[in-house]
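Just below is one structure, and these are the notes that go with it.
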Amino acid sequence: MGILGKIKNFLLTVVALLLWLRFIFVIADPSMSVPSDVSEGLVVFNSWRGFLNILYQVTGIAMAPITGLYALLSGFVPKSWSWLPATNSTVLLEWLKSQAALGFLKPMLNQPGAEQFFVGQFQWLVFPTLVFYNILSVVLEKAYEFVKNLIWNILIEFSFTKKKQAAYQETLEKRAADLMKLKVEYRNLSKEASILAESVITDELTQLYNKRFFIQQVQESFKEAKDRKAIFSIVMVDIDHFKKLNDTYGHLMGDKVLKEVAAVVKKNTPKGCYACRFGGEEFSVIMPGRNPIEAHQISETIHTKIPALRYDEDPNLVVTISMGLFSGNFENEQAQALNTFEDVIKLADDELYRAKLNGRNRIEQVRL
């Protein structure tokens, strides 16, 4: 039994005890039968009068539900049924005397003062009050159990809902974290793929496009120019006396010169054009849509800036380049007569060879 059950039983016991005390004291209390002369009663009642009055008031409050119900019913019960509640001492005493079955009680009921045992209008309602509180105790216990179970179920459901929400939130956060992780991985993979793709078409030493890219881009640019009857230019570049430079300064210096020359070529290659390393000390710039004058200007800029390069290993070292430039307008029949991109490369190479024969450090150009 829980603490609430113990409290309930204690209160019921106290109420029952007070009601029994009320009933016993009322029967024995002279003031209830002879209210005008209390002194005729027992002296003890005069001594306990304060306590008795408090007892009557407290128990009167406890009996209020039943006395109130009785008063309410009395207004609806016919006068001929006035014996039904049997609470009025006079009516109850006369009713008991009139019952033949209770004839053995008549000598006792006819004794003087017998009505004292039935004194008080509502005193016999103590017993219905005791029954009422016992019934109320059961009802309250059932109500308590119902409310407790209801609250418990609500708390369980609330807790379960909270747990579900927490689980859902945790799952969402985990999925968000997984998604973010996937995004980072995808970004890294994309970056790596981009780097890998770039590395496939990039020369490791000079960071220009490599020969693989050069062949592919020349082929595409040549086909597009021929199909659209557009302008297309390409220049082949070769470092003059590069073998002698390597023999004189060594291959490390040769690599440095290649990187410095490549940097100038790349820096002065306009947007939409492609700076490539063709191989060894040879470079190329593919210039789709550039007419002969524009292509020559681009080539001349590169040609002029290469000799201006200076090297810590030998400040007096001057590196020059020879350039062979092809420019074709594919609206012309001569340009259209070219069948493959190899023909274009050969024409540019021929000009480069002619620049070498003519003393190097120069640009030779063919126009179609």
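Side-chain atoms are counted along with the backbone in the values below, which use heavy atoms only and exclude waters and symmetry mates. Index from 1, following the sequence. Just so it is clear, the model here is predicted, and its values are computed rather than measured.
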Exercise for the section: Can you run down the ring-ring contact (aromatic ring centres under 6.0 Å, His included) pairs that involve residues 316-340, sequence neighbours left out, and say none if there aren't any? Expected result: F222-F330

Under the side-chain contact (heavy atoms from CB on, under 4.5 Å) test, residues paired with [X] that sit two or more places apart:
| X | value |
| --- | --- |
| K211 | I215, F278 |
| L21 | L17, F25, L55 |
| E260 | K256, L309, Y311 |

To the nearest 0.5 Å, tell me how far [X] [atom1] sits from [Y] [atom2].
| X | Y | atom1 | atom2 | value |
| --- | --- | --- | --- | --- |
| L352 | R360 | CG | CZ | 10.0 Å |
| L69 | T129 | CG | OG1 | 10.0 Å |
| K244 | I239 | NZ | CD1 | 15.5 Å |
| E281 | L258 | CD | CG | 7.5 Å |
| E173 | D178 | CD | CG | 12.0 Å |
| N149 | I154 | CG | CD1 | 11.0 Å |

Exercise for the section: Sort out for me which residue in N361, D238, I302 forms a side chain to side chain contact (heavy atoms under 4.5 Å, CB included) with I321. Expected result: I302

Problem - Heavy-atom side-chain proximity of Q365 to H296 below 4.5 angstrom - result: yes

Minimum heavy-atom distance [X]-[Y], with the two atoms named:
| X | Y | value |
| --- | --- | --- |
| A275 | T269 | CB-OG1, 3.5 Å |
| T13 | N9 | OG1-O, 2.7 Å |
| E282 | D349 | OE1-OD1, 4.3 Å |
| H303 | P307 | O-CD, 3.0 Å |

Residues in side-chain hydrogen bond (donor to acceptor under 3.5 Å, both in side chains) contact with [X], at least two apart in sequence or another chain:
| X | value |
| --- | --- |
| D240 | T320, S322, K356 |
| E333 | none |
| K346 | D350 |
| R277 | D203 |

Cluster check [X], [Y]: I/L/V/M/F/W/Y, side chain < 4.5 angstrom:
| X | Y | result |
| --- | --- | --- |
| I345 | L208 | no |
| V265 | V218 | no |
| F242 | V318 | no |
| V200 | Y209 | yes |
| V131 | V14 | no |

Handout entry: Check ion pair D255-K259 (N to O, under 4.0 angstrom)
Key = no

Exercise for the section: Check the pair F283, T206 against side-chain contact (heavy atoms from CB on, under 4.5 Å), reporting the backbone distance first and the verdict last. Expected result: CA-CA 10 Å; F283 302 93; T206 63; 4.2 Å; yes

Problem - Test side-chain contact (heavy atoms from CB on, under 4.5 Å) applied to I286 and F214, step by step - result: CA-CA 8 Å; I286 304 168; F214 169 79; 3.7 Å; yes

Exercise for the section: Using the side-chain contact (heavy atoms from CB on, under 4.5 Å) rule, take M253 and V257 through it: C-alpha gap first, then chi angles, then the decisive distance, then the call. Expected result: CA-CA 6 Å; M253 182 61 181; V257 171; 4.2 Å; yes

For [Y], is there any backbone N or O sitting under 3.5 Å from a side-chain donor or acceptor partner on [X]?
| X | Y | result |
| --- | --- | --- |
| T248 | L245 | no |
| N332 | Q334 | no |
| Y133 | A62 | yes |

Exercise for the section: Flag yes if more than 12 heavy atoms outside E170 fall under 6.0 Å of its CD atom; otherwise flag no. Expected result: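 Not more than 12 within 6.0 Å, no.
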
Problem - Residue F51 excluded, over 12 heavy atoms near CZ under 6.0 Å - result: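 Yes, because the 6.0 Å sphere around CZ of F51 holds more than 12 heavy atoms from other groups.
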
In residues 223-237, what donor-acceptor pairs under 3.5 Å come from side-chain atoms, sequence neighbours left out?
from : atom 1 : to   : atom 2 : distance (Å)
K223 : NZ     : D227 : OD2    : 2.9
E224 : OE2    : R228 : NH1    : 2.8
K226 : NZ     : Q336 : O      : 3.3
K226 : NZ     : L338 : O      : 2.6
S233 : OG     : R290 : O      : 2.7
S233 : OG     : S327 : OG     : 2.9

Exercise for the section: For Q297 and T301, test the side chains for any donor-to-acceptor distance below 3.5 angstrom and give the result as yes or no. Expected result: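 Short answer, no.
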
Handout entry: Stepwise side-chain contact (heavy atoms from CB on, under 4.5 Å) test for M63 and R22
Key = CA-CA 11 Å; M63 292 172 58; R22 173 192 176 94; 3.5 Å; yes

Practice task
Applying ring pair (Phe, Tyr, Trp, His ring centres under 6.0 Å), name anything that partners Y274, two or more places apart in sequence or on another chain.
Solution key: F213

Under 3.5 Å, which donor-acceptor pairs do the side chains of residues 134-143 form with other protein atoms, sequence neighbours left out?
from : atom 1 : to   : atom 2 : distance (Å)
N134 : ND2    : L130 : O      : 2.7
E141 : OE1    : K8   : NZ     : 2.8

Problem - Remaining members of hydrophobic cluster (4.5 Å side-chain criterion), Y353 - result: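 Its cluster mates, by chain and number, are L357.
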
